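Below: the structure, in structure tokens.
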Amino acid sequence: MSILYEGAPAAPSPAVDVEASRGLPTYIVGQDGQGHWVALESQGLGGGYFRSREAAFQYAVGETGRRAGAVRLSAEPLRIAL
């Protein structure tokens, strides 16, 4: 499964870029073009569709070990490509 995201996520912070370069997961949470909630790992290694924003955030926060700044909200639509 290949996971991609389209659109511009919230402005990346330097801390998130450093974590991603170290191999630590970061996630982007947002909605797809049909309004479904999506959480996507920034390197395309994980993610999925969720019933609510809260469920998507809970998944992403758990996957990142509750690290500050590791989960961002996208203002643009996201897309999962299988």
Side-chain angles (χ1 to χ4, degrees):
M1 171 177 19
S2 171
I3 300 178
L4 305 172
Y5 68 89
E6 289 183 343
S13 74
V16 171
D17 292 338
V18 169
E19 288 179 351
S21 69
R22 290 184 192 164
L24 298 173
T26 60
Y27 276 78
I28 299 167
V29 173
Q31 291 180 295
D32 67 6
Q34 287 121 10
H36 303 111
W37 284 99
V38 178
L40 299 173
E41 198 271 332
S42 61
Q43 301 298 315
L45 301 175
Y49 287 101
F50 297 86
R51 291 182 182 240
S52 66
R53 182 178 79 163
E54 292 77 19
F57 266 101
Q58 184 176 30
Y59 168 80
V61 167
E63 291 294 305
T64 60
R66 301 190 172 284
R67 287 189 330 276
V71 179
R72 297 179 285 157
L73 181 62
S74 175
E76 300 293 325
L78 302 176
R79 180 177 66 108
I80 293 181
L82 303 175

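Positions are given from 1, in the same order as the sequence printed here. As the structure is a computational prediction, the values presented were derived from the model and not from experiment.
- A 4.5 Å side-chain heavy-atom check between S74 and Q31 finds every atom pair outside the cut-off.
- Within 6.0 Å of CD in Q58 there are 12 or fewer heavy atoms belonging to other residues, nucleotides or ligands.
- Distance check: L78 CG to H36 NE2 gives 13.5 Å after rounding to the nearest 0.5 Å.
- Between A70 and P25, the shortest heavy-atom distance links the atoms CB-O, 4.1 Å.
- Between Y49 and D32, some side-chain heavy-atom pair lies under the 4.5 Å cut-off.
- The backbone N or O of Q43 lies less than 3.5 Å from a partner atom in the side chain of E41, making a donor-acceptor pair.
- For Y27 and Y59, the ring centers are positioned less than 6.0 Å apart.
- Shown here for S52 and A55, the closest heavy-atom pair between the two residues is OG-N, 3.0 Å.
- Annotation for W37 and R51: closest pair CD1-O, 4.4 Å, computed over non-hydrogen atoms.
- Only one option out of T26, V29, I28 pairs with V71 in a side-chain contact (heavy atoms from CB on, under 4.5 Å); it is V29.
- Minimum interatomic distance between A39 and A56 (heavy atoms only, all atoms of both residues): CB-O, 3.9 Å.
- The two residues P77 and G33 come nearest to each other via the heavy atoms CB-N, 4.2 Å.
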